[in-house]
Amino acid sequence: MIDKRVGARIVTGNVIESVISGVGSYLPENVVTNDDLAKKIDTSDEWIRSRSGIGQRHYAADDQATSDLAVGAAWNALDQAGLKPKDIDLVIVATVTPDKTFPSTAVYVQQKLNIPPGIAFDLSAACAGFLYAMNIAHDFIRTGQVKHALVIGAEKLSCFLDWEDRATCVLFGDGAGAVVLSAEETPTADAPSGILATYLCADGRLADHLYADGGPSSTGTVGKVRMNGKEVFRNAVTEISNAVFEVTERAKVSRHEIDWFVPHQANIRIIQSCAKKLSLDPSKVIVTIDKHANTSSASIPLALDAGIRDGRIKRGELLVFAALGGGLAWGSTLVRY
Ligand code: UT7
């Protein structure tokens, strides 16, 4: 039994699991193809596709803030969960492109969805942010403090790209994805569902490989994305694969039992290399990078939603999410959907 008062904890003999009760996503209308970019900067569809797997990306309109994208995804997730905004008692928005320096984008989501007072905050862990946010929501749920959590990854990355840096600006897009995590009580943990295991890590020694060169307390500006692509690539293949090994070991499941690998969508070559290292059949990998490009914290829930809505991912299946990005920060989550 969960007490609706935030922070109140009721101890029962049962196990509280956090299950994904709804998934949703939102992509802005404006689709920008590689050929569109080639009219503006010195690049080509051939280079972008062969180096990254990206074919197009979506850019938000000038008057669309990250919270607007987040709200679009949240409505769809709530709808799938059969819940209303009034049912939500925790909102976490993983983002590196907040509406404002403060308050959090999460409180604007609360405001725009008319969610009653509860816990709301943003989380900054770049491309791994959604996994960090899921784990925190999971902890709120399993400690009995929260019944329904809205966990959102949302980014308007187009607002801080450097159009002079062609190796970086072509890679990113805007969008949002959301899940509703809900408490489910079971008398036994014999057949666990929902979030089964998480592995998270960050290494600040690698911070200069991927960052924005601005911030409120340093330059007083937002800055532009800077990336040492080769170093990030190398770390991504190693750490994403290791993170998946780690969660499967923690949950004591075999990698052969994984139904779907839903990785962060940064580069098709990273995804394929990880799948190979993990001995996962390519047909078990959800790939959306061709359509969405790299949407940082939004990419995993966007890919998850795509896989569910086109009928590939089904209830009861075993999913593994994994990501690496700015920080460098990375992680993996194993979920029985
Ligand atoms: O979400 C966070 C995680 N991010 C990632 O995981 C990204 C990881 N890194 C990557 O995906 C890849 O390193 C990139 C896609 C960014 C770059 O691929 P690369 O194979 O490492 O290419 P490169 O940077 O070594 O560039 C190769 C060549 C260079 O020309 P030269 O020096 O060989 O003559 C670049 O100037 O490609 C050139 N180049 C381009 N050409 C056309 C770089 N950007 C472009 C471009 N269009 N947009």
Side-chain angles (χ1 to χ4, degrees), residues 32-57 94-97 124-132 153-158 160-177 201-203 206-213 223-244 262-275 277 285 287-290 292-303 321-332:
V32 177
T33 65
N34 295 341
D35 286 333
D36 292 332
L37 286 185
K39 289 179 194 141
K40 186 169 149 176
I41 58 170
D42 181 15
T43 191
S44 65
D45 178 58
E46 196 283 327
W47 189 94
I48 301 172
R49 270 184 205 276
S50 61
R51 296 290 173 143
S52 69
I54 295 166
Q56 61 175 49
R57 71 287 292 141
T95 187
V96 293
T97 51
S124 174
C127 305
F130 181 74
L131 303 183
Y132 274 66
E155 304 287 3
K156 186 177 177 179
L157 295 162
S158 60
F160 74 161
L161 299 176
D162 178 357
W163 299 108
E164 305 289 311
D165 178 4
R166 64 178 181 163
T168 303
C169 68
V170 299
L171 304 175
F172 295 95
D174 302 336
C201 195
D203 185 348
L206 307 176
D208 291 343
H209 289 325
L210 179 51
Y211 63 101
D213 60 359
K224 302 282 182 206
V225 180
R226 303 292 170 212
M227 181 167 70
N228 177 348
K230 284 199 189 313
E231 275 304 311
V232 177
F233 190 110
R234 202 175 53 76
N235 278 280
V237 173
T238 307
E239 300 302 352
I240 286 176
S241 309
N242 287 346
V244 173
V262 189
H264 171 49
Q265 309 282 317
N267 188 312
I268 189 68
R269 292 181 294 137
I270 295 175
I271 295 172
Q272 287 167 344
S273 301
C274 292
K277 278 184 148 214
V285 183
V287 174
T288 52
I289 187 156
D290 51 328
H292 304 165
N294 183 345
T295 57
S296 190
S297 66
S299 90
I300 288 177
L302 270 164
F321 310 145
L324 175 138
L328 296 181
W330 62 92
S332 181

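First listed ligand is number 1; within each ligand, the first listed atom is number 1.
- Scanning for salt bridge (Lys or Arg N to Asp or Glu O under 4.0 Å) contacts around Asp36 gives Lys39, with sequence neighbours left out.
- Heavy-atom distances between Thr168 and ligand 1 stay at or above 4.0 Å for every pair.
- Heavy atoms of Ile270 come nearer than 4.0 angstrom to ligand 1 in at least one pair.
- Legend: residues meeting side chain to side chain contact (heavy atoms under 4.5 Å, CB included) with Lys277, ordered by chain and number and at least two apart, are Val237, Ser241.
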Check against salt bridge (Lys or Arg N to Asp or Glu O under 4.0 Å), Arg226 and Asp162: CA-CA 8 Å; Arg226 303 292 170 212; Asp162 178 357; 2.8 Å; yes
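- Contacts between Ile41 and ligand 1, counted as non-hydrogen atom pairs separated by less than 4.0 Å, are absent for every part of the residue.
- Residue His264 has at least one heavy-atom neighbour below 4.0 Å for each of these atoms of ligand 1: 1 (O), 2 (C).
- Of all the heavy atoms of Trp47, the ones lying under 4.0 Å from any atom of ligand 1 belong exclusively to the side chain.
- Residue-level proximity to ligand 1 for Ile48 is absent, since no heavy atom of it falls below 4.0 angstrom.
- Only the side chain of Ala266 comes within contact range of ligand 1, with a heavy atom under 4.0 Å; no backbone atom does.
- A donor-acceptor pair under 3.5 Å links the side-chain atoms of Asp174 to the main chain of Leu157, judged by distance alone.
- Near Leu210, meaning under 4.0 Å from one of its heavy atoms, ligand 1 places the atoms 2 (C).
- Atoms of ligand 1 lying under 4.0 Å from at least one heavy atom of Asn294, given by number and element, are 1 (O), 2 (C).
- Nearest protein heavy-atom neighbour of atom 8 (C) of ligand 1: Gly229 O, 3.5 Å.
- Between Gln56 and Thr33, the side chains place no donor N or O within less than 3.5 Å of an acceptor N or O (distance only, hydrogens not considered).
- Taking every heavy atom of Asn267 and a limit of under 4.0 angstrom, the matching atoms of ligand 1 come to 10 (C), 11 (O), 12 (C), 15 (C).
- Distances shorter than 4.0 angstrom do not occur between any heavy atom of Ser296 and any atom of ligand 1.
- Near Lys230, meaning under 4.0 Å from one of its heavy atoms, ligand 1 places the atoms 13 (O), 19 (P), 21 (O), 23 (P), 25 (O).
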